[in-house]
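Step one of this worksheet: look at the structure below.
Ligands are counted one by one from 1 in listed order, and the atoms in each one are counted from 1 as well. Computed over heavy atoms, backbone and side chain alike; hydrogens, waters and symmetry mates excluded.
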Amino acid sequence: MSEPLFPRVALLGIGLIGSSIAINLRDRGLAGEIAISTRSQATLARAEEIGLGTSYHTDAGEAVRGADLVILCVPVGACGPLAAQIAGDLAEGAIVTDVGSVKGSVVADMAPHLPPHVHFVPGHPIAGTEQSGPDAGFLELFENRWTILTPVPGTAEDATARLTALWEAMGARVETMTPEHHDLVLAIVSHVPHLIAYNIVGTAADLETVTQSEVIKFSASGFRDFTRIAASDPTMWRDIFLTNREAVLEMLSRFSEDLASLQRAIRWGDGDALFDLFTRTRAIRRSIVEAGQDTAEANFGRQPPRKDAWNEPGE
Ligand code: NAP
């Protein structure tokens, strides 16, 4: 068997992303040792039960000792305090990275704590589901998905190259950019869409003239697809909006202007404006399918529900 890419990897945080990385390291033989640490005893015990690592630590400092790669897989708001906690235990030459969905704030929060003898290469896999916790991970999560790395100025090229090789070995494609550009791109492709989903599901839940049971019963007409996104982890998403404030607000103001012009088109019966937009948006969907980022199957390839699963939802 060939040498693993990293003799010892420390995973701090073992939810959806941490466990998916652990499964990849384990099943593809990419790490010699996989040291796992997380905040709660219950999560750590579960990670051990399902065999995600080779050692388990309540103390994050102990997990990172001797590791040549340290990956923070915790909510964005927890990255700074965790970096402070492990700083004194980081090995000479270790690569320190994260998987946080916002990069500017993570760099600002972590960099001041990291000693000069480590390489800091922040990262973000553009892959996920609405599930959380150590049982949510799976081997194929990063397959054919992009991972963005945002090395800070002065980062050794070799460190970025080694981390790139790891993501590629997990099936991902890798691109590098600045943290600021990452945050702007993600605001429009991920953060604002999530906010819209949270908002529309919240609006429907608060309606008085349409009952909640009707919202649930007739959800397959479009609403259901928003609910998947709106079921995403509340802690993670609270942190994203608090830490990517500027970029989200900028994209939201563009969105609000465009929404107002759609409102005007509907009010004035401007069918051409609606038709033109809907034609352009259809082309975007086609490009996503052509780029291999989604299936071309109707309704995302979903099967119709079994007849015995047809329950009348409660109020
Ligand atoms: P998750 O399934 O909820 O797992 C979070 C992990 O972080 C758990 O091990 C949890 O520990 C730990 N944690 C939570 N709060 C903490 C705190 N205040 N201090 C220290 N540890 C804490 O989360 P996830 O979906 O894997 O997300 C992890 C990171 O990946 C986030 O930064 C997120 O932005 C990023 N990300 C997520 C997705 C996605 O779709 N989910 C996609 C790309 C990137 P305990 O269980 O022990 O409390």
Side-chain angles (χ1 to χ4, degrees), residues 10-24 34-50 52-53 56-61 63-64 70-86 96-107 109-110 113 122-138 140-143 145-150 167 170-172 174-175 179 182-183 185-187 189-191 193-194 197-198 228-244 247-248 293:
L11 291 173
L12 310 182
I14 194 76
L16 167 71
I17 302 295
S19 60
S20 297
I21 295 175
I23 291 167
N24 270 278
I34 307 167
I36 293 178
S37 175
T38 188
R39 183 179 57 165
S40 78
Q41 189 54 53
T43 305
L44 193 64
R46 183 62 192 149
E48 184 163 12
E49 219 168 85
I50 52 181
L52 292 176
Y56 303 87
H57 313 262
T58 40
D59 176 8
V64 307
V70 175
I71 313 180
L72 277 68
C73 307
V74 296
V76 169
C79 287
L82 194 51
Q85 197 185 324
I86 58 171
V96 178
T97 186
D98 74 303
V99 294
S101 307
V102 178
K103 296 276 55 90
S105 75
V106 165
V107 172
D109 293 351
M110 286 182 64
H113 300 294
H124 176 205
I126 316 293
T129 72
E130 66 283 13
Q131 311 289 331
S132 309
D135 287 284
F138 56 100
E140 301 81 9
L141 180 64
F142 310 116
E143 200 74 56
R145 297 280 172 255
W146 288 94
T147 288
I148 297 177
L149 299 181
T150 64
W167 280 109
M170 295 195 284
V174 178
E175 190 154 316
H182 166 278
D183 289 353
V185 172
L186 268 290
V189 300
S190 169
H191 306 169
H194 274 77
Y198 282 124
R228 185 190 68 74
I229 297 178
S232 300
D233 188 70
T235 306
M236 166 179 160
W237 284 94
R238 176 203 61 197
D239 282 8
I240 287 174
F241 292 114
L242 293 179
T243 54
N244 198 20
V248 167
Q293 295 300 300

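Here the side chains of Leu44 and Ile14 are not in contact, with every heavy-atom distance at 4.5 Å or above. Proximity of Thr147 to Val99: side-chain heavy atoms (C-beta onward) are nowhere separated by under 4.5 Å.
Note that CD1 of Ile148 and CG of Leu186 are 5.5 Å apart. Values are rounded to the nearest 0.5 Å. In this structure, NZ in Lys103 is found 7.0 Å from SG in Cys79, a value given to the nearest 0.5 Å.
Contact residues for ligand 1 (protein heavy atom closer than 4.0 angstrom to any ligand atom): Gly13, Ile14, Gly15, Leu16, Ile17, Thr38, Arg39, Ser40, Thr43, Cys73, Val74, Pro75, Val76, Ala78, Val99, Gly100, Ser101, His124, Pro125, Ala127, Gly128, Thr129, Ser132, Gly133, Met236.
Between the Asp183 side chain and the Val102 main chain, no donor and acceptor come within less than 3.5 Å of each other. The backbone N or O of Gln131 sits nowhere less than 3.5 Å from a side-chain atom of Asp233 that would complete a donor-acceptor pair.
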